[in-house]
Q: 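Below: one structure in structure tokens.
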There are 2 protein chains.
Amino acid sequence: MTTSAAQRRERARAEYNAFLAVCPSHQLLARVSDKWVTLILSALGSGGDCAGEPGAMRYSELSRLLAGVSQKMLTQTLRSLERDGLVTRTVTPTVPVTVTYALTDLGLSLQHTMRALKSWAETNMDDVFDNRATYDERVG
Amino acid sequence: MTTSAAQRRERARAEYNAFLAVCPSHQLLARVSDKWVTLILSALGSGGDCAGEPGAMRYSELSRLLAGVSQKMLTQTLRSLERDGLVTRTVTPTVPVTVTYALTDLGLSLQHTMRALKSWAETNMDDVFDNRATYDERVG
DNA sequence: GTGCCTGCTTCCCGTTGGAGAGTAGCTCGC
DNA sequence: GCGAGCTACTCTCCAACGGGAAGCAGGCAC
């Protein structure tokens, strides 16, 4: 029987665990490398517009700003960010209940790091789109 | 009839488009904020282990190193990275055909930016895990 | 020939994420 | 009192994305 495939798979899994053991930060890296995490932190870190100051935002504000996100994902992502200690959730029992989200110091430091990524995206956007157009021409 | 919900949805969509018009880089940011993109670039940028030098890697090498990725996703992600001009794909017609992937200058600049994110993850990993444990205790 | 190697591609299916409706708790209008 | 409306979710579908395993091209080894 051709056990080589299964054996290789086993070995691959073992190596994967070893990889995680050597680089456990990759777990957190994978967690943080999420579309909505990035965009929500970007929104919380830049205020209402794209160039503002960090500040608390309401749930509905975030929902309106990142209209591409579903309410489910917004709630889910905010919960996980709260769990990771990156944002704080504050409920104010006003007339209609008001929930505000703000970055913690930890979240702020991550957002600060992500700002570099964002500015990379802004800087190299045109290059990437050019490359895409060229690639599509060559292939399609 | 309660058209307010539909109207608000329409308005939200319009605002979303406006948001993308104001911050088109967010599209690229969302594209780049992908688990496998981050990990593949991290792998290509750090060589075989976690602290090496950038260099070309073979398909099978990447597959073995990031054993958590399926072949499908690896191929797919590498293709899109190639399309975006972040990596180059080189086929060498050796005995069994050899395909190597390497970062372009653009990919290298992104990887350099991501290195900050990776070091953030390494630095604050413990804090995040502590926060998670605390949160889970409070809730569960 | 048969088998095996690498680098994909294809098929099946479970999980994830989106759309839209529904809910709790409150206040306001009538 | 009763319905309407507001905010911040929560629930229920369903389509689409991603993982696992198997298949495939094509060149060499035996």
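Lettering of chains follows the sequences in order, A, B, ..., and the numbering in each one begins at 1.
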Q: Can you identify which nucleotide, out of dG20(D), dC9(D), dA19(C), has its nearest atom closest to the V99(A) side chain?
A: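 Within the option list, the nearest is dC9(D).
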
Q: Can you list everything that forms a side chain to side chain donor-acceptor pair (under 3.5 Å) with T98(A)? Sequence neighbours excluded, please.
A: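 By the side chain to side chain donor-acceptor pair (under 3.5 Å) rule, T98(A) matches T94(A).
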
Q: Expressed as a whole number of angstroms, how long is the span from L74(A):CG to dA19(C):C1'?
A: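 L74(A) atom CG is separated from dA19(C) atom C1' by 15 Å.
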
Q: Over how many whole Å does the gap from Y59(A) atom OH to dA24(C) atom P extend?
A: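 Y59(A) atom OH is separated from dA24(C) atom P by 17 Å.
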
Q: From dT9(C), dA19(C), dA21(C), pick the nucleotide closest to the side chain of Q71(A)?
A: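 Ranking dT9(C), dA19(C), dA21(C) by closest atom to the Q71(A) side chain puts dA21(C) first.
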
Q: What are the residues of residues 79-98 of chain A, sorted by number, that bring a heavy atom to within less than 4.0 Å of DNA chain D?
A: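 Heavy-atom contacts with DNA chain D come from R79(A), R89(A), P96(A), V97(A), T98(A).
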
Q: Taking only residues two or more places apart in sequence, or in another chain, which ones meet S80(A) in a side chain to side chain donor-acceptor pair (under 3.5 Å)?
A: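 Checked S80(A) against side chain to side chain donor-acceptor pair (under 3.5 Å); matches are R31(A).
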
Q: Is the shortest side-chain N/O distance from Q76(A) to OP1 or OP2 of dG17(C) below 4.0 Å?
A: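 Yes, Q76(A) has a side-chain N/O under 4.0 Å of OP1/OP2 on dG17(C).
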
Q: Can you name the side-chain contact (heavy atoms from CB on, under 4.5 Å) partners of A102(B), sequence neighbours left out?
A: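 Result, side-chain contact (heavy atoms from CB on, under 4.5 Å) vs A102(B): A56(B), T88(B).
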
Q: Could you summarise the pairing of DNA chain D as dot-bracket text, marking Watson-Crick and G-U pairs under 3.5 Å with ( ) or [ ] inside the strand and | across strands?
A: ||||||||||||||||||||||||||||||

Q: Indicate the atoms forming the closest heavy-atom contact of Q111(A) with L41(A), along with that distance.
A: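 What the structure gives for the nearest pair is CG-O, 3.4 Å.
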
Q: For the pair made of NZ in K72(B) and P in dC11(C), what is the distance, rounded to whole Å?
A: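 That distance rounds to 11 Å.
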
Q: When the distance from CE of M73(A) to C1' of dA16(D) is rounded to whole Å, what number comes out?
A: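 Whole-Å distance recorded here is 14 Å.
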
Q: Send over the distance from R58(B) CZ to dG7(C) C1', rounded to a whole Å.
A: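 My rounded result for the distance is 9 Å.
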
Q: dG18(C), OP1 or OP2 - any side-chain N/O from W36(A) closer than 4.0 Å?
A: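 Yes.
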
Q: To the nearest Å, how far apart are D34(B) CG and dC17(D) C1'?
A: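 Roughly 11 Å, once rounded to whole Å.
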
Q: What's the NZ-P distance between K35(A) and dA16(D), to the nearest Å?
A: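 Interatomic distance, NZ of K35(A) to P of dA16(D): 15 Å.
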
Q: Taking all heavy atoms of W36(B) and all of T77(B), pick out the closest pair and write down the distance.
A: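 The answer is CB-OG1, 4.0 Å.
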
Q: Rounded to whole Å, please give me the gap between CG in L62(B) and P in dG7(C).
A: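 Distance, rounded to whole Å: 10 Å.
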
Q: Could I get the full list of side chain to side chain donor-acceptor pair (under 3.5 Å) partners for R58(A), not counting sequence neighbours?
A: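 R58(A) satisfies side chain to side chain donor-acceptor pair (under 3.5 Å) with no residue once adjacent residues are dropped.
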
Q: Taking all heavy atoms of D84(B) and all of L106(B), pick out the closest pair and write down the distance.
A: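 Residues D84(B) and L106(B), closest heavy atoms: O-CD2, 4.0 Å.
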
Q: When you check the phosphate oxygens OP1 and OP2 of dC9(D), does a side-chain N or O of Y101(A) lie under 4.0 Å from one of them?
A: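 Indeed, a polar side-chain atom of Y101(A) lies that close.
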
Q: With a 4.0 Å cut-off on N to O distance, would you call K35(B) and D34(A) a salt bridge?
A: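 No.
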
Q: Do L78(A) and L62(A) have side chains that get closer than 4.5 Å, going by heavy atoms?
A: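 A side-chain contact exists here, since the closest heavy-atom pair is under 4.5 Å.
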
